[in-house]
Amino acid sequence: MSPVETPKAPLGASLGARLDTALGRFTMYRLVLLVLAVLAVYSLVLNALGWLTFGIPEMLAHLVLCLGLTYASNRALAPLFRVRPHSESSLITGLLLYFLFWPSFAPLDVTGVALACVLASASKYALAWRGRHIFNAAAAGAFMAGLTGLNIATWWAATPAMLWVLVPGVLLVLHRTRKFLMASVFLAVATAIITAELLQAGMSVGMALWQSLAQRPLLFFVGFMLTEPLTLPPRRWQQLALAAVVGVVFAVPYNFGFLANSPEAALLLGNVIAFLMGQRGRVLLRFTGTRPLTPSTTEFSFEPSRPVRFVPGQYMELDLPHAKSDGKGRRRVFSLTGSPSERLVKFGVRTAEPLSAAKKVLLSLNPGDEVTATSVGGDFVLPRDPRKPVLLIAAGIGVTPYLSHVSSGGLRERDTVLLLLARSADEVAYADELRAAGIRVLVRVADGSVPPSGLASASWEGTRVDGEAIRALVPDVAGREVYVSGSPASVASLRRAAKQAGAAKVHVDSFSGY
């Protein structure tokens, strides 16, 4: 919740904020797993109703084979490569393969599916660089199994009857991962090429579009596979370029003998391009210690096994295995608060009760303990032009991504205003760093207490953070790029207030609160 009173949201914005809050309770992996599980159950219902014709025994056996073999092979292979198995990831791979291969009792078909499952699990470890897998596991398994001739992926999820649940499921995943723009680029490119081909074959425009979207696996592909976080480049412009390239390779027909166009081949090519663009390989982080920031927030410091490439404002995903799951998975993302030139990697984390399982793991670390960083990403970065003025708005622990800009000195040569909203004066994190930042810092404290020494108090008429309040503090807000960080509810209301104040461009970074 926002630490100060915010204006009542319009119905659409309020629903959006509630959706963000609800989805924020799940990690991306858990949400994808749940959506795919619902789709699997729905496919069985469709088959029972006669909309699919595989046969219930074949579908159940196929589902059990895909889930059981990917899970078992992942558990068996992980110790050989001295890594902890990620059960959610293996179950997601199994469900993807369930929708890629035709359910059948034919011995060769079953053998091909079994091989795809094992190869998919093996690809996470054998086709990896510094512990990070390069390829989407399901696509890799399907592609390699297809080369043997035992079975070929049919992507039967692209069935019109599946759309009733597939479309809402894809929309939920894309909303959670903030990949609507990337998905739109891919769909626009691939649909245009496929539709043009069908028009040349004599179809009407409406029928060609229907064939493209309802009977080709574009939606399933972009929702559950192309946007997989671990195989994406870190920056938005890179992701959009990747989506366009993969869209072309996905849709343009080609045949080079053993290699013909297929969704899995297009995705694997995209995975290689993404690998070359981003932080390649996992990084081991050795825990060095903590320091309290406020009564409810803590900074964690780690020494990486090798230099970490990141841009101030980006986040890092940590793999935090815990014995007792809390339903949110074990991979969590945290904003990087240090400078890219520093030796240590630092994160500021809210550690107030109730604590999630992942935060308990962090708090239980002893100096010398190691955790794994699996990826770096995010576009919450400043404009390239240092002459462009910015307004940074933070609600509570939402100040953390700005600390990386402060630590790197990126704000000293830029016209910057930071508006920080906190519940009380002792909940203002990084007060010393903000005092030394060389920028204008305004602090609004909800309980009326005096902000920490050296930080100016932000005051306006009333208690609501609306457009008038922001304009009163920053009259030239319309000429600044605005950045908003905090919980989903706070971000939604503060973004709306910034727009009301006249901001033309507002960048947001939501913290799910795990």
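All residue numbers refer to positions in the sequence shown, counting from 1. None of the values given here were measured: they were computed from a predicted structure.
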Peer 1: Could you work out, with side chain to side chain contact (heavy atoms under 4.5 Å, CB included) as the rule, every residue matching Pro475, not counting sequence neighbours?
Peer 2: none
Peer 1: Quickly, which of Leu442, Leu455, Val428 forms a side-chain contact (heavy atoms from CB on, under 4.5 Å) with Leu420? Name it, please.
Peer 2: Val428
Peer 1: Distance check, rounded to the nearest 0.5 Å: Leu473 atom CG versus Leu391 atom CG?
Peer 2: 9.0 Å
Peer 1: Considering residues at least two apart in sequence or located in another chain, which fulfil the side chain to side chain donor-acceptor pair (under 3.5 Å) criterion with Arg384?
Peer 2: none
Peer 1: With sequence neighbours excluded, tell me which residues meet ring-ring contact (aromatic ring centres under 6.0 Å, His included) with Phe135.
Peer 2: none
Peer 1: Run the ring-ring contact (aromatic ring centres under 6.0 Å, His included) test against Phe220 and tell me which residues pass, sequence neighbours left out.
Peer 2: Phe99, Phe224
Peer 1: With Lys505, which residues qualify under side chain to side chain contact (heavy atoms under 4.5 Å, CB included), at least two apart?
Peer 2: Glu481, His507
Peer 1: Can you list every ring-ring contact (aromatic ring centres under 6.0 Å, His included) pair that touches residues 397-451, not counting sequence neighbours?
Peer 2: Phe380-Tyr402
Peer 1: Is the backbone N or O of Gly378 less than 3.5 Å from a side-chain atom of Gln314, with the two atoms forming a donor-acceptor pair by type?
Peer 2: yes
Peer 1: In chain order, what residues pass the side chain to side chain contact (heavy atoms under 4.5 Å, CB included) check against Ala192, with sequence neighbours excluded?
Peer 2: none
Peer 1: When you measure from the side chain of Ser404 to the backbone N and O of Pro401, does any donor-acceptor pair fall under 3.5 Å?
Peer 2: no
Peer 1: For the backbone of Asn136 and the side chain of Asn271, can you confirm whether one donor and one acceptor N or O come within less than 3.5 Å of each other?
Peer 2: yes
Peer 1: Can you list everything that forms a side chain to side chain donor-acceptor pair (under 3.5 Å) with Thr227? Sequence neighbours excluded, please.
Peer 2: none
Peer 1: Count the heavy atoms belonging to other residues, nucleotides or ligands that lie under 6.0 Å from CZ of Arg387, then report whether that count exceeds 12.
Peer 2: no
Peer 1: Sequence neighbours excluded, which residues qualify as side chain to side chain contact (heavy atoms under 4.5 Å, CB included) partners of Leu163?
Peer 2: Leu166, Val167, Trp210, Ala214, Leu219
Peer 1: Under the salt bridge (charged side-chain N to carboxylate O under 4.0 Å, His left out) rule, collect the residues that match up with Asp476, sequence neighbours excluded.
Peer 2: Arg480
Peer 1: Output a table of donor-acceptor pairs, distance under 3.5 Å, between side-chain atoms of residues 345-352 and any protein atom two or more places apart or on a different chain; print 'none' if there are none.
Peer 2:
from: Arg350; atom 1: NH1; to: Ser296; atom 2: OG; distance (Å): 3.2
from: Thr351; atom 1: OG1; to: Thr298; atom 2: OG1; distance (Å): 2.9

Peer 1: Give a yes or no answer on whether the side chain of Asp379 reaches the backbone of Arg236 with a donor-acceptor pair at less than 3.5 Å.
Peer 2: yes
Peer 1: Report the residues that fulfil ring-ring contact (aromatic ring centres under 6.0 Å, His included) with Phe250, sequence neighbours left out, ordered by chain and then residue number.
Peer 2: Phe186, Phe221
Peer 1: Search all heavy atoms of Ala425 against all heavy atoms of Pro451 and return the closest pair with its distance.
Peer 2: CB-CA, 4.4 Å
